[in-house]
Every structure is written in structure tokens, then in C-alpha cells.
*Asks:* 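One structure coming up, written as C-alpha cells, with questions to follow.
Convention: sequence-line order gives letters A, B, ...; per-chain numbering from 1.
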Amino acid sequence: MLSKLAWKASRQLSVNLNSRIAPILAPSATHRSQRGICTTPKVQERLATKQVQKHDWNRAVSEAEKIVGYPTSFLSLRWLLSDEIANVALHLRKLVGSNHPLLKTAKNLLYNGKNTMQAWGLIVLLISKAAGHAPTIPDMEQDKSAGVLHSQRALAEVTEMIRISHLVHRSLVNLQRGTEAERDTSTYGDMTFGNKIGLLSGDYLLGHSCAELAALRNQELVALMSSAVRDFAESEFVGDRDEQNNPLPSKPDPENRNKRVEDVDFNDDKILDPYDIQSVMGIPEKEWELRHILSAGSLLGKSCQGALKLAGLPSDIQRRGYLFGKHLSLAWQTCIDMEPFQNPSSSYDGTFSLVSAPVLFHLEYDPSLYDEIEKGKVSVENIDYKKIHAEVLSGPGLEKTKELQKKHISAAMKVLDEFPENDARQALQNIILAMQDL
Amino acid sequence: MACVSSSRRVCARAQEKLCQLLVVKNNAVRPLSSPSAGGTVVLSGGRYAPFAARKYSSQVSSSKGGYAPWLPSASAIFYNPDPGSPRHQLNGFLTLSRTISSARQFSTAFRAESEYSHNYSKSGSVVTSPKYSCNKPCTNTTHHSCIRTYSSVHTQQPAGPVREIQVDPYLLLEDDLKYIYDDIRKLLLQASSQMELKTISSYYFDGQGKALRPMVVMLMARAVNYHMNKESGNLLERQRQIAIFAEMVHSASLVHDDVIDNSDFRRGKPSVNVLFNHKRVTMAGDYILAIASIIIAGLKNDDVTIILCQILTDLVQGEFMQLGSKETENERFAHYLTKTYRKTASLIANTLKGAAVLAGAEESLSELAFQYGRNIGLAFQLVDDLLDFVSSAEQMGKPTAADLKLGLATAPVLFACEKFPELNPMIMRRFQEPGDVERAFELVHKSHGLEQTRFLARKHCIEAIRLAQEMADSPYQKALCVVSDLVINRMK
């Protein structure tokens, strides 16, 4: 009871603090926050603890960051001050003006848009706090004020490093002989240079994440996180691809409709064993799950599992951590997948992933759309995105994606319910709820 | 030259016979011979008993001629059964370089060394210190004081006592190395279900490489085990995993290098970036690395993992250093040597150290392993940079003058720079202007750059031999000495 009171008090403090910082950051918010200060304690309390009634995403995340101390955004000062990164920044400036995809990736990392706000490190810290740790962990290892272990914080950083390294490596340009990109002599120089910088920065992050992992002195964890890197690499080889390795959905096969396949997942004991990928291709839901477990769920799941491993918790609880991370990242993916289809206006002129859930579901419903997809064998840019957009909107794809989202959200929530009730768990629940409204 | 590749290993036994005959012949040809190279073999039964069969290579060489600190050891000739081969031409070249000795050469090399060691001591001291208490204290203690202070390799003249037994390391480790590529391929194939990922990632594990790194790791592992009287199959198997790790990390870096440099050939076949999608090649590199770390995690030794992960950060930092260049000559050479350590020597040094730590070696011994690896690694890269100028594309299995074309100023150019300052602006603009590469190539050949590079490499080799000799006598310890000859005299 006492601790709960203390918690509330600290909460109020943070709200006050927030109201002081808010006007500086966003003048428009001044009015609202001033009102927050002036209101009666009762109202204030409601503001502070009855969290996020509207499931506002940004608020859910910033509240959550306070719970675990300070945000673990990867762009920490320590990182920005390193020689190599300064070097990369210098070289990146030379690239400005070219259209190397690396620039876009860098921009997305710096300016958190709605979709790229995948604060994976934050999730790892929250699950660490939510699950607590074994009593055998010495005091020295703990960050008492935040309720997480120092090692878990390091792991959260490693998680983000691995993820960014993958994003960066993915944004290289294929300059293999005979490709369109290679023939375009006007951009060839920029592209080569961008590739060099991108590849090295990715390797830098990967190398440092290995070194930081090693310093945690837990070999099971090293193997676990390395296997997540393996999954990332493997994800780039699944299914058909265009010249720039953009994924294309596999050809819909009517026979697959009745095929029952068990849920694909990792075998915990045999970390080196890969998925049997071929068995699920062409079954929309499974194919989608497989692609995104490899390219996202695996890392978040294994990081959460690793965090609980560091806390000295038994393996069944570690397994829960893995499941939570996996389902959360898949739920997240549905949000990203649905976003281009949220705007009902027909004049959509952007691009979207062709292996996103709505498209895959629509292909099952209407295989004739695959003819349009086939135009993208050389480059996905040859595909009429408007046409696919319109067709998907008219079909059941979006509806089915929502169901898929519900499935993973409830699976994540269910795992969460098994953890003891505390502020970190509440914050995770808020994030999930806010995700629904994204 | 003597890098007996796996294919050549098959006929190595036949060569042995030939070589016995050739030793005499070559001695007649050689104008100079180290006095210390004389002496007979004293085989002390017991420990060497199983090894008596390899007595073939013990040799008596006449001690005529003057003293030359950079003499290639007898093994250089030992591995050259065919005097008409291109390898013989290198011997000629060596002889030539031996005759060009001047005080200037010495001073240059030593100055380079001093900057180098200074740089190292600042960044965590990789400088060899004379603290080894391993087996026997170093017998030769007459150093020139200033060399002693500045040199990172602490050259001892001459190259130490004669190597009584000439061992072929590849032959010695035949059983250890036979399946190393097979094992790596198996690991890579079983951990993925994607055909193309399997193909790309195992592309360079076709057994055509020299397998230098696994070989040195296994040699050091066995030598350390011998030194500590720890011969157990289980330990060796674990150390063998480190050898596998070394080769995998090396290949992963090759794969990524190919994408960065857009190279055409490697090991006599098209490089991966020619055959496959660059984005996929990059991922395959990450994949190899991931599998390699899983293997290391399987050793369940925290210290070893930390030592080996250091390699990865070094490799990347080395690559970053390669992107930039330094303004002044002095800075440039230090920059070059640090880069060389990070890109090449760190892998060898740290894997050797890892193998020693795994055997439970105390710090002085594991540090000795590290320093041996560092010196071998540096010598290896120096010779590599040298071969880029003198070897033909056919021999190397990759294009030559490649470094210049990539805009890199390696040791021969940096040395040549002293004689031909006109190279300076070329280095600064990274040989970008038309004709730069050809002109630089020509100037390097006109200067003493190549000899000076070889001299520096030899110094590192001599230091490596000295370190190896501090360990207990064993065939493996002998082979470690031979390795340094292989490194300095290789043709590809």
C-alpha cells in the first residue's frame, strides 16, 4: 500500500514535470497542461493514474518511458559521440541529394513517424520490469529506481542495434551486373558509395552488439540473440523477389485453402534449426506470420526472452516473454500493414508492401490480382499500386487483417495477464490498446 | 610461396623426398647464409619419438658468407622443389633485395616502428613486453637500447637458434584440418532452409582457400596444450571450434568486402557480388557471422567470447579507417599499421589467444599467443600488400594493383613516398586522376618500397619466431616457426 502511494506521488511529480517541459516543446499544448496544474487534486489524480483513456499512442509511449527510467532510444549521447558514427554522419552528408535508400532509412530513424516508432528497447525494458527478477540477483546489478537490471538495459540497447543494423543493411542497393540500378550510370557512383557506408555502419552496429552481448557473460543469451540475427538474414530470402530484393507474394494456390498447417514457431532447444518455410508458402495467414516472425517477431521475442533469462527466471516464464514479444511485434505489423488502406479516398498514390496482410488475404480471395503482381518481377515499381489499392479496399482483405490483429493482440494480452500486476504491465497494456487505434 | 594449399598438400609427401635432394643444391645457389643456420639436429627421444619419421628435413647448411638478418630460413627453399617455377623468381628477387641494405632502410623501418609502437601503447598496449616467464627466458638479451625502447617487435638478431626440425604445418595438422571446410559447410547448410542463402554463404568454403587462420589456431592450440601438458581430445575439439570461427569470420568479411569493393575475382573464381544480388550477399555475410557466434556461444566460456567479439569491432573499425586518410607522412604510417592490425592481425591474434585461454593458460601465455598472432598477422598483411605489386593476377587468384585502384596507399607506397614526394598528392586524392595508378605503380618499383616492406614483414616474423620459441619444445611449436616462413615467402 505504501509503495502504491509513493508510486502515485511520483506519478504526479512526473505530470507536473511534464507540464513544465511541454510548453517548451509544443506551445500549442500549453493550455491543456496548465489546466492540468490548476485542477483539483482529484482531477489530477485521474489524469495521472487512469491512464490513457483515449489510448493515445504518443502518450502511452512517453508514460511508459518514465516507468523504466529514461528512454532507451538508440540515439543516445554515448552513441552519437562515437568516432565511427561521426564518421558515418560525415559521409552521409555527401550522399544528401542522391536518392540512395539509406538516406530514407536514416531519416526514418531520426524522425520517429507513426510507423517507425517501434520502441523495441522500451518494450524489452517494460517486460523486464513487469516480470521482475529472481531474488538471487545481487543488488549491484540492479537499477533500483527503474526496476530493471543494468544487464537488461544493455540488452535493450543491443536489441535496437541489431534491428537498426538490419534496417540499414536492407536499404542497400543491388548493383549486381545487369540490373537496372547498375546500368544507370548517372547514379552509379552515389549508389556505390552509399552501399559502402550502409554496409559498414550495419556491420559496425552488429559488431558492437556482439561485443556488448559478450560483456553480459551469458552464453545462452549470445546464442539466442545470434539466432535472431540469423532469422533476419533468412527473412530476406523468403519467396519471390524483384531485382532490389523487394518481396513479392507467392502465387496463390487454391489447393492451399483447405491445407491445415500447425502454427510455425521456433524449437527452443535447437536454436540452429530453421523453420520449414516451404510448407507455409501460399497460405496467406501462415505465410504472413512466417515472413514477419523472421523479419521482426523473432528479434523482439528473443530479446524479451533474453531479458527474463538475465533476470534468472525459470524457462517457462522466459518462454512467455518470447511469446509476448512475438505477438506484440506481429500486432504491430498489422498496424503498419493497414495504414496505407486506412484512408478510404481512392486517390492513393503511394506504395506499400506487397506481402502485407491485406494484399495476401485479397490474393487468396481473388487470385486474378496476381497477374498485376507478376509485372513486378523485375522491379516492384512497374506495378500499378493504385489498382491493387482499390481492389484490396473492395475485398475482404482489410477485414481479415483486423481479425488477425485482434488475434495477436489478445494473445499478447493473455501472456501479459500471467505477469504480476504492476505499473510496467499496465504500461504495456496501454501501448497495446493504443496500438489498436493507430 | 610455401603456402601449400590444400590441393598441394596431397603431393606434399612426394615433395619431401625431392626436397631432401634439393637442400644441397640450393645451398650451392644461395649466396648468403646465416651462420646461425648451421648446426645439427639433436633429437631427444621420448617426446619426439613419434616424430622421428619427420627427421627428413633436418639439414646442415654451410656457414659461408656474411650475416644477413633477413635471410629466409631454409624452409623457403625446402618448399621449392622446382627451381624453374615462378617461385624461383621470387628467390631471385629476395636475393636482390638482400643486397640492397643501407642505413637508410634501417632508419626508415625503425622510425615507422617507433610511431607504430607509440600508437599502440597509447591505445591499450599491444606492444610486446619482455615479461614472458613461460618456459625459458629469452637467451638473447643484447638489444640496442634505442631499438629496444621503440620497436614493437623487438627484433633480435639473428633469428634465433636454428630450427632443427622442418615441419610442414599442413601435413602435421592434416587430420585437424581435413574436414574443416566440410564442417563449416554443414553448419551453414543445416541452419537455414533457404537454398540461395545456403549457396551464397558457403560459396567461399569450397576448400580452395589456404586455411591459414584455422591452421595457425590449431597449431597454437596444440602447442599451448603441449606446453601445459594438457592433451585431451575434448579440449582440442573445443579449440577446433575457434579455428572454425576464425575461418568463418574471415569469410564473412570477404563477402562484405566484395560488396564494398565491387571486386571481380577472388580465389580464382568470380567473387560473390558478381553472381548474386548484393543485398542478399550482405545478408549472407550477416548470416555467416550469426552462425559463427552461435558456435562460440556453444563453448560456454565468457572470456573467450569476449576476446573473440573484440575481433568483430576491430574489423569494422579497420574498414572505417580505410575510408579516411591522414595528412602527414608520419600519421599516415601509424594509421596504416593500426588499420592493418585491426583488419587482419586482430583476427589471428585474438583467435590464438582464445585458443590459449580455453586451455586454461595463464595470462602471460595467452598474451604470448596473442603477440605471436599479431606479428604473424601483420607480416601476412604486409606481404599481401607487397604481392599486390609484384605478383601476377594469375598467381593471386585476384587482380593485382587492386589496392591502388581502390585508392589505398599501402606500405610499399608509403615507403616509396620518402624517395618520391610526388606520391603525396596522389595519396591524398586516392589515385583518382587518370594515370595515377600507373605512375604510382612505377614509382613504387623504382623506389626501395618493396624491399622495405618485406624487411618490416620479416621483422615481425622474426619476433613471432622468438615468441614461439619461448614455449615448450614440440613439433607444433616448431611448426609455428615454420609458419612465419610460409607467411613471408608465400606467392599467393
Side-chain angles (χ1 to χ4, degrees), chain A residues 83-84 87-88 91 165-166 169-170 172-177 179 192 195-200 202-204 206-208 210-238 241 243-245 271-278, chain B residues 187 190-198 200-201 252-253 256 259-262 273-317 319-324:
Chain A
D83 269 0
E84 279 73 20
N87 210 337
V88 168
H91 289 300
S165 136
H166 179 68
H169 273 176
R170 226 172 50 176
L172 299 189
V173 179
N174 176 25
L175 292 173
Q176 198 192 341
R177 238 149 282 174
T179 56
T192 321
N195 274 3
K196 189 185 268 188
I197 300 302
L199 202 140
L200 285 183
D203 281 355
Y204 172 83
L206 214 52
H208 272 257
C210 275
E212 291 214 4
L213 266 183
L216 296 180
R217 295 182 168 268
N218 186 324
Q219 299 310 311
E220 282 178 30
L221 185 70
V222 173
L224 190 69
M225 298 306 285
S226 302
S227 76
V229 176
R230 189 271 315 266
D231 297 338
F232 265 155
E234 205 169 27
S235 76
E236 291 296 303
F237 288 82
V238 175
R241 305 263 158 168
E243 266 182 5
Q244 288 306 325
N245 216 31
I271 244 163
L272 272 171
D273 284 5
Y275 278 124
D276 179 14
I277 288 173
Q278 226 42 52
Chain B
L187 279 167
Q190 74 169 32
S192 170
S193 60
Q194 296 299 297
M195 262 329 284
E196 203 181 334
L197 180 55
K198 294 182 188 187
I200 303 177
S201 59
S253 76
H256 278 187
V259 176
I260 291 179
D261 300 339
N262 241 323
N273 56 306
V274 175
L275 298 178
F276 304 98
N277 184 324
H278 290 188
K279 295 173 91 169
R280 290 179 165 224
V281 171
T282 309
M283 289 301 162
D286 294 353
Y287 172 76
I288 298 175
L289 203 62
I291 303 299
S293 346
I294 293 180
I295 295 187
I296 287 315
L299 295 178
K300 305 256 173 242
N301 185 317
D302 296 344
D303 294 321
V304 170
T305 309
I306 290 173
I307 291 167
L308 296 182
C309 281
Q310 178 64 38
I311 298 169
L312 305 181
T313 45
D314 279 344
L315 274 177
V316 190
Q317 280 180 341
E319 283 289 344
F320 270 113
M321 289 182 76
Q322 195 161 300
L323 284 181

*Asks:* Which residues pass the ring pair (Phe, Tyr, Trp, His ring centres under 6.0 Å) test with A:Phe232, sequence neighbours left out?
*Replies:*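 By the ring pair (Phe, Tyr, Trp, His ring centres under 6.0 Å) rule, A:Phe232 matches A:His166.
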
*Asks:* What part of A:Leu216 lies closer than 4.5 angstrom to a heavy atom of chain B: side chain, backbone, both or neither?
*Replies:*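 For A:Leu216, neither part sits under 4.5 Å from chain B.
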
*Asks:* I'd like to know if the side chain of B:Thr282 reaches the main chain of B:His278, judged simply by a donor and an acceptor atom lying under 3.5 Å from each other, with no hydrogens or angles considered.
*Replies:*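 Between the backbone of B:His278 and the side chain of B:Thr282 there is a qualifying donor-acceptor contact (under 3.5 Å).
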
*Asks:* Evaluate the side-chain proximity of A:Leu206 to B:Leu312: yes if any heavy-atom separation is below 4.5 Å, no if none is.
*Replies:*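 Contact flag for B:Leu312/A:Leu206 side chains = no.
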
*Asks:* Using heavy-atom distances under 4.5 Å, tell me whether A:Ala211 contacts chain B through its side chain, its backbone, both, or neither.
*Replies:*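 The answer is both parts of A:Ala211.
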
*Asks:* Would you find a donor on one side and an acceptor on the other, under 3.5 Å apart, between the side chain of B:Lys279 and the backbone of A:Arg170?
*Replies:*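 Judged by distance alone, yes, a pair lies under 3.5 Å.
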
*Asks:* Relative to chain A, which of B:Leu289, B:Asn301, B:Ile307 shows the most heavy atom pairs under 4.5 Å?
*Replies:*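 Result: the option with the highest number of such pairs is B:Asn301.
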
*Asks:* For B:Val259, which atoms come within 4.5 Å of any heavy atom of chain A: side chain, backbone, both, or neither?
*Replies:*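 The side chain, not the backbone.
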
*Asks:* Sort A:Ser235 into side chain, backbone, both or neither according to what part of it lies under 4.5 angstrom from a heavy atom of chain B.
*Replies:*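 When you check distances to chain B, no heavy atom of A:Ser235 falls under 4.5 Å.
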
*Asks:* I'd like to check the ring pair (Phe, Tyr, Trp, His ring centres under 6.0 Å) partners of B:His256; sequence neighbours left out, ordered by chain and number.
*Replies:*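 Partners of B:His256 by the ring pair (Phe, Tyr, Trp, His ring centres under 6.0 Å) criterion, ordered by chain and then number, come out as A:His169.
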
*Asks:* Which distance, rounded to the nearest 0.5 Å, do you find between the OG1 of A:Thr192 and the CD1 of B:Ile260?
*Replies:*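 Those atoms lie 12.0 Å apart.
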
*Asks:* For the residue pair A:Ala223 and B:Ile294, what are the closest heavy atoms and their distance?
*Replies:*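 The pair with the smallest heavy-atom distance is O-CG1, 3.9 Å.
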
*Asks:* Who among B:Gln310, B:Lys300, B:Arg280 has the most heavy-atom pairs with chain A under 4.5 Å?
*Replies:*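 With the most close heavy-atom pairs to chain A, the winner is B:Arg280.
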
*Asks:* Compare all side-chain heavy atoms of B:Asn273 with those of B:Asp261 and state whether any distance is below 4.5 angstrom.
*Replies:*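 With C-beta onward as the side chain, the pair stays apart.
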
*Asks:* Below 4.0 angstrom, N of the basic side chain to O of the carboxylate: do A:Arg217 and B:Asp303 qualify?
*Replies:*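 Salt bridge flag = yes for B:Asp303 with A:Arg217.
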
*Asks:* Below 4.5 Å, heavy-atom pairs only: which of B:Leu315, B:Leu275, B:Ile296, B:Leu299 has the largest tally toward chain A?
*Replies:*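 Answer, by heavy-atom pair count under 4.5 Å with chain A: B:Leu275.
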
*Asks:* So which residue, A:Gly207, A:Ser226, A:Ala233, A:Ala215, ends up with the most heavy-atom pairs under 4.5 Å with chain B?
*Replies:*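 Winner by heavy-atom pair count: A:Ser226.
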
*Asks:* Heavy atoms only, distances under 4.5 angstrom: which of A:Met225, A:His208, A:Glu243 has the most pairs with chain B? Name it, please.
*Replies:*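 So the answer, after comparing A:Met225, A:His208, A:Glu243, is A:His208.
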
*Asks:* Can you tell me which of A:Gln176, A:Glu234, A:Arg241 forms the most heavy-atom pairs within a distance under 4.5 Å of chain B?
*Replies:*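 Most heavy-atom pairs within the cutoff with chain B belong to A:Gln176.
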
*Asks:* Less than 4.5 Å to any heavy atom of chain B: does that hold for the side chain of A:Leu200, its backbone, both, or neither?
*Replies:*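 Both backbone and side chain of A:Leu200 come within 4.5 Å of chain B.
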
*Asks:* Looking at A:Leu172, A:Leu199, A:Asn195, which one has more heavy-atom pairs under 4.5 Å with chain B than the rest?
*Replies:*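 Between A:Leu172, A:Leu199, A:Asn195, the count favours A:Leu199.
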
*Asks:* Against chain A, work out which of B:Glu196, B:Gln317, B:Gln194 has the most heavy-atom pairs shorter than 4.5 Å and name it.
*Replies:*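 It is B:Gln194.
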
*Asks:* Given heavy-atom pairs under 4.5 angstrom as the criterion, report whether the side chain, backbone, both or neither of A:Gln244 touches chain B.
*Replies:*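 Both parts, heavy atoms under 4.5 Å.
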
